[in-house]
Amino acid sequence: MPGSAPSRFVPSKDELRWIERWADAGVGHADPRSDRPAFSIAIPPPNVTGALHMGHALNNTIQDVLCRTRRMAGDEVMWICGTDHAGIATQAVVEKALAAEGIYRKELGREEFVRRVWEWKEEYGGQIIGQLKRLGCTLDYGRERFTMDDAYAKAVLHVFVALYEKGYIYRDRYMVNWDPGLGSAISDLEVEELEVTDTLVSIAYPLTDGSGEVVVATVRPETMLGDTAVAVNPGDERYRDLVGKTVTLPLLGRELPIVADEYVQPGFGTGALKVTPAHDPNDFAIARRHGLETINVIGEDGRMTEGAGPFYAGLTPAECQARVLEDLRAIGLVRKEEPYTHTVPFSHRSGARVEPIISLQWFCDMGRLAEPAIAAVEEGRVRFTPAKWGEVYLNWMREIRPWAISRQLWWGHQIPVWYRDEEIHVGLAPPEGEGWEREEDVLDTWFSSALWPFATLGWPERTPELEKFYPTQVLSTARDIIFLWVARMVMMGDEFLGEEPFSEVYIHSVIQAPDGRRMSKSLGTGIDPLEVIDEHGADALRFGLLMMSSTQDVRFSADRIDQGRQLVTKIWNATRLVVDRGGRAGLPAPAPATLADRWIASRVARGVEEAADLTARFEMSQLAKLVYELVFDDYCDWYLELLKSGEATPDVAGFALEQILALVHPLMPFVTEECWSRMPGAEGLMAVHPPPVAPGPADPAAEAEIDAVQEVVSALRAYRSRRNLPPRTRLAMDPAPAPAVAALDPVEAADDAARPTLVATLLPGGRSIHVGPLAEAVDPEVER
RNA sequence: GGGCGGUUAGCUCAGCGGUAGAGCGCCUGCUUUACACGCAGGUGGCCGGCGGUUCAAAUCCGUCACCGCCCACCA
């Protein structure tokens with residue numbers, strides 16, 4: 001590279017060029033017929049509606065580091081690329097867009113609406129794939145998959161039918177989490193418990209025989225309309241005589257049995273519990289034990305049903321609550337009202353307060369599926385990093401509950417079930433004959449995501465891709481989808497391929513906003529990775545994110561991005577210097593000629609070894625720190641200074657630079673590719689350059705010597721600084737300084753014993769040094 | 001109610017049994033022909049509190065205090 005090259009690398013200009021070059025050279029393309037060892041990673045498929053956020057940027061940088069490293073090492077790398085149809089999110093986005101034009105989903109009808117979603121997907125979906133390219137990610141873009149592709153849909157239906165036939169999937173009228181905002185059931189994992197302060201109301205239920213009353217407490221008086229019993233603890237003396245009697249439900253006049261159930265805590269409230277089987281999971285269980293009637297009073301539309309009686313039907317629960325309280329007060333049955341703080345379920349998807357209701361839904365029993373997936377982690381076939389997440393996974397798996405898999409949406413995999421009167425048909429194809437109607441519900445998005453590592457490779461066909469690249473090696477993700485996604489992939493992989501879909505799960509940091517809040521668009525705390533890329537370059541962003549990443553949550557730090565940008569500039573300028581001094585690429589390893597050469601060879605050797613170790617252990621911030629220090633401290637601050645003074649040789653400098661570029665490339669692909677291309681003798685892309693090798697063996701002797709040199713030089717500089725001497729003051733030193741010391745700093749040997757003004761003493765091993773005038777050599781201030 | 005994690009320099013974080021580290025900030029010098037997105041030299045921490053183990057503890061154990069996250073069906 002000519003010395004007249006600009007003193008900075010300009011990412012905005014050069015990065016786009018390299019993205020094209022990599023694509024043209026097929027860098028991300030995987031060949032299933034290759035003889036090379038396979039290395040594969042399945043990207044956590046971003047939502048089609050998604051845009052790159054910091055979490056994606058970090059996660060995909062990590063995956064790209066791993067993929068690039070393995071590719072350079074000679075593996076056939078497939079980084080599986082694609083997006084997720086994200087049922088709820090996508091349907092919501094399109095619905096909103098249509099509503100802006102005054103078009104409503106229900107008016108369009110299902111078929112037309114789904115067509116519009118596809119249209120939207122073709123036009124706006126998947127922009128994140130382009131953004132991943134900007135980040136420098138070497139995915140196999142030519143094999144981009146979508147969880148609603150025909151082939152993928154086939155896999156989904158196949159799995160549904162197979163699990164149905166095994167008896168794992170079944171339909172039941174059961175209590176589910178109903179999301180009134182969404183108009184759909186959601187799974188337990190999509191429910192978030194939030195603390196709220198409600199009013200705990202005590203209501204008197206008169207005994208039917210007129211002999212008194214039983215007082216119950218509730219935070220949801222409106223649900224009393226669906227009460228079908230009052231329960232007390234069997235050991236509760238106060239109520240022993242009442243068990244078997246009945247009370248009359250106020251407002252509706254229904255007669256309710258008083259039952260005894262262990263669930264009831266005698267110490268809570270009055271010790272008597274109103275039982276609303278249709279709207280409380282505990283009450284539902286009590287009702288099943290006692291064969292009680294269940295009466296729905298809140299419907300799927302989130303309003304009171306006919307079951308609530310003519311005065312209340314049609315109201316929202318909140319309106320109904322006010323009305324019920326008013327009516328109860330009017331007849332004098334409210335005994336107490338007090339504030340009460342407890343947790344209440346809210347939908348993670350819509351934010352609405354979840355209504356537990358009884359509904360006819362499809363479920364998947366997870367017990368049997370979980371067994372091999374538990375063993376996989378217990379027996380170490382799947383390993384989590386950090387290891388604690390393996391425990392979290394196991395704790396959840398060991399108490400796994402049935403999964404509510406049906407969703408009352410239109411966008412998704414429609415459940416392959418047909419009904420005709422009492423008949424039911426479950427199959428890949430519709431049944432023969434007239435009068436069949438297909439199940440309207442679709443599957444939970446995570447049901448299809450669970451198949452990602454193999455459905456993307458063509459399963460259930462036995463494709464060459466599947467043969468070569470399943471199972472994958474690593475799954476990298478954040479902890480929030482360990483249950484939703486990771487666990488389910490393991491279960492499905494075990495069930496359908498007989499093998500876990502990956503052996504390593506790396507759980508990376510969550511990047512928070514600089515103030516410690518969650519980074520989110522709605523909070524206004526998001527930082528757009530693309531803006532960072534535009535401003536500082538993808539390499540700087542990648543490096544900064546790797547530096548930030550950790551085993552815990554971290555705040556986004558603009559300083560780390562700066563550090564990355566500075567490293568980019570440093571590498572760029574170091575390359576300029578080396579090229580100027582005659583450094584070349586593509587040489588066979590030259591024999592180190594000087595002490596400095598032996599030293600940098602040793603440093604690079606150490607760096608290469610440590611980098612491999614850190615990469616294998618997913619120590620990304622340590623890896624970033626290592627390359628930073630190797631470039632700045634070793635190569636630039638000391639070695640290149642020695643090169644300028646003639647204490648090192650250009651061949652070794654060039655060779656070491658080539659290796660350093662190769663070492664840094666997986667982290668910062670753009671600047672390293674650019675620098676490589678500017679080294680005389682460089683051929684081919686750095687992206688497929690062989691892995692870095694040391695220009696020589698680790699050399700402890702050379703390292704010890706240079707350590708000593710560094711100490712002397714630092715001491716000299718500190719001495720000058722303390723004395724406020726001009727920086728380049730020449731000092732005479734006795735004994736004569738080592739050539740490397742003299743080269744790095746303007747010192748001269750004291751040739752006249754009467755004249756020396758400075759003493760530097762290197763004791764064996766280079767550990768003890770005095771720097772200062774002879775007269776001060778014993779001064780503790782100076783002694784080091 | 002269970003479980004996990006955090007508390008280290010002004011800020012953001014590493015380190016996790018052997019004399020306290022980085023980046024940024026701050027102070028002093030430097031237009032040294034790769035780089036001022038730079039170079040050199042500095043300032044700055046009883047490593048949350050209290051106990052304990054050890055020759056030796058940010059580092060291991062116990063406990064307390066805040067902060068955060070996950071799981072959980074007490075009206």
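Below, chains carry the letters A, B, ... as their sequence lines are ordered, and counting in each starts from 1.
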Once base and sugar-phosphate atoms are separated, protein heavy atoms under 4.0 Å mark nucleotides 8-27 of chain B, 5' to 3', with B, S and - as ----BSS-------BBS---

What's the CG-C1' distance between A:Leu657 and B:C35, to the nearest Å?
14 Å

When the distance from CH2 of A:Trp389 to C1' of B:G5 is rounded to whole Å, what number comes out?
8 Å

Angle between ring planes, A:Phe632 versus A:Tyr628, binned at 30° and 60°: parallel, tilted or perpendicular?
parallel

Specify the separation, in whole Å, of atom OH of A:Tyr635 and atom C1' of B:A34.
11 Å

Both A:Ser721 and A:Asn395 contact RNA chain B. Taking the nearest nucleotide for each, which residue is further toward the 5' end?
A:Asn395

Could you work out, with ring pair (Phe, Tyr, Trp, His ring centres under 6.0 Å) as the rule, every residue matching A:Trp396, not counting sequence neighbours?
A:Phe483

Can a salt bridge be assigned to the pair A:Asp280 and A:Arg220 using a cut-off of 4.0 Å between side-chain N and carboxylate O?
no

How long is the line joining CD1 of A:Ile507 and P of B:C4, in whole Å?
18 Å

For B:C60 versus B:G6, give the span between their P atoms, rounded off to a whole number of Å.
9 Å

Can you check the distance between B:C26 and B:G44, where both ends of the measurement are the C1' atom (answer in whole Å)?
9 Å

Tabulate protein N/O versus nucleotide N/O from nucleotides 73-75 of chain B, keeping only pairs under 3.5 Å, one per line.
residue: B:C73; atom: OP1; partner: A:Arg401; partner atom: NH1; Å: 3.2
residue: B:C73; atom: O2'; partner: A:Asn282; partner atom: OD1; Å: 3.4
residue: B:C73; atom: O2'; partner: A:Asn282; partner atom: ND2; Å: 2.5
residue: B:C73; atom: N1; partner: A:Asn282; partner atom: OD1; Å: 3.1
residue: B:C73; atom: O2; partner: A:Asn282; partner atom: OD1; Å: 2.1
residue: B:C74; atom: O2; partner: A:Gln265; partner atom: OE1; Å: 3.3
residue: B:C74; atom: O2; partner: A:Gln265; partner atom: NE2; Å: 3.4
residue: B:C74; atom: N3; partner: A:Gln265; partner atom: OE1; Å: 3.3
residue: B:A75; atom: OP2; partner: A:Tyr340; partner atom: OH; Å: 2.8
residue: B:A75; atom: O2'; partner: A:Ala217; partner atom: O; Å: 2.4
residue: B:A75; atom: N6; partner: A:Gln265; partner atom: O; Å: 2.7
residue: B:A75; atom: N6; partner: A:Phe268; partner atom: O; Å: 2.8
residue: B:A75; atom: N1; partner: A:Gln265; partner atom: N; Å: 3.4

Indicate, with a heavy-atom threshold strictly under 4.0 Å, whether A:Asp283 touches base, sugar-phosphate, or nothing.
nothing

Those residues that, when tested against A:Arg518, pass side chain to side chain donor-acceptor pair (under 3.5 Å) (two or more places apart):
none

Taking the P atom of each, how far is B:G62 from B:U19, in whole Å?
26 Å

Please list, one pair per line, the donor and acceptor atoms closer than 3.5 Å that link side chains of residues 259-270 of chain A to other protein atoms, with sequence neighbours excluded.
residue: A:Asp261; atom: OD1; partner: A:Tyr263; partner atom: N; Å: 2.8
residue: A:Asp261; atom: OD1; partner: A:Arg289; partner atom: NH2; Å: 3.1
residue: A:Asp261; atom: OD2; partner: A:Arg289; partner atom: NE; Å: 3.0
residue: A:Asp261; atom: OD2; partner: A:His290; partner atom: NE2; Å: 2.8
residue: A:Tyr263; atom: OH; partner: A:Asn282; partner atom: ND2; Å: 3.0
residue: A:Thr270; atom: OG1; partner: A:Val215; partner atom: O; Å: 2.4
residue: A:Thr270; atom: OG1; partner: A:Ala272; partner atom: N; Å: 3.3

Quick check: any donor-acceptor pair below 3.5 Å linking the side-chain of A:Lys570 to the base of B:C35?
yes

Is the glycosidic angle of B:A34 within 90° of 0, making it syn, or outside that range, making it anti?
anti

Expressed in whole Å, how much space separates the C1' atoms belonging to B:G49 and B:C66?
11 Å

Could you tell me how far B:U54 sits from B:A9 if I compare only their C1' atoms? Round to whole Å.
28 Å

Could you tell me how far apart A:Asp637 (CG) and B:U32 (P) are, to the nearest whole angstrom?
17 Å

Give me the distance, rounded to whole Å, that separates B:C70 from B:G15 when you measure between the P atoms they each carry.
23 Å

Side chain to side chain donor-acceptor pair (under 3.5 Å) partners of A:Arg606, counting only residues at least two apart
A:Glu703

Using atom CD of A:Glu391 as one end and atom P of B:G5 as the other, report the distance to the nearest whole Å.
11 Å

Would you mind writing out the side-chain donor-acceptor pairs for residues 647-660 of chain A within the sub-3.5 Å range, not counting sequence neighbours?
residue: A:Thr649; atom: OG1; partner: A:Asp597; partner atom: OD2; Å: 2.6
residue: A:Glu658; atom: OE1; partner: A:Gly586; partner atom: N; Å: 2.8
residue: A:Glu658; atom: OE2; partner: A:His689; partner atom: NE2; Å: 2.7
residue: A:Gln659; atom: OE1; partner: A:Val693; partner atom: N; Å: 2.8

With heavy atoms under 4.0 Å as the rule, sort A:Phe9 into base, sugar-phosphate or nothing.
nothing

Measure from CG on A:Asp480 to C1' on B:G68 and round the result to the nearest Å.
15 Å

Taking side chain to side chain donor-acceptor pair (under 3.5 Å) as the test, write out the residues that go with A:Gln566, two or more places apart.
none

Nearest-Å distance once atom P is located in both B:U7 and B:G17
15 Å

Using the P atoms only, state how far B:A57 lies from B:C35, rounded to an integer number of Å.
49 Å

For A:Asp539 and A:Val671, indicate whether the former's side chain and the latter's backbone hold a donor-acceptor pair under 3.5 Å.
yes

Between A:Lys644 and A:Glu641, is there a salt bridge with N-O shorter than 4.0 Å?
yes

Paired stretches of RNA chain B - 3 or more consecutive Watson-Crick or G-U pairs, each distance under 3.5 Å
B:1-7 with B:65-71, B:10-13 with B:21-24, B:26-30 with B:38-42, B:48-52 with B:60-64

Using whole Å, report how far CE of A:Met397 lies from C1' of B:G3.
18 Å

List for me each residue that meets ring pair (Phe, Tyr, Trp, His ring centres under 6.0 Å) alongside A:Trp403, sequence neighbours excluded, and say none if there are none.
A:Phe447

Kindly write out the residues that satisfy ring pair (Phe, Tyr, Trp, His ring centres under 6.0 Å) with A:Phe618, not counting sequence neighbours, or none if the list is empty.
A:Tyr506

For A:Asp562, which residues count as a side chain to side chain donor-acceptor pair (under 3.5 Å) partner, sequence neighbours excluded?
A:Arg565

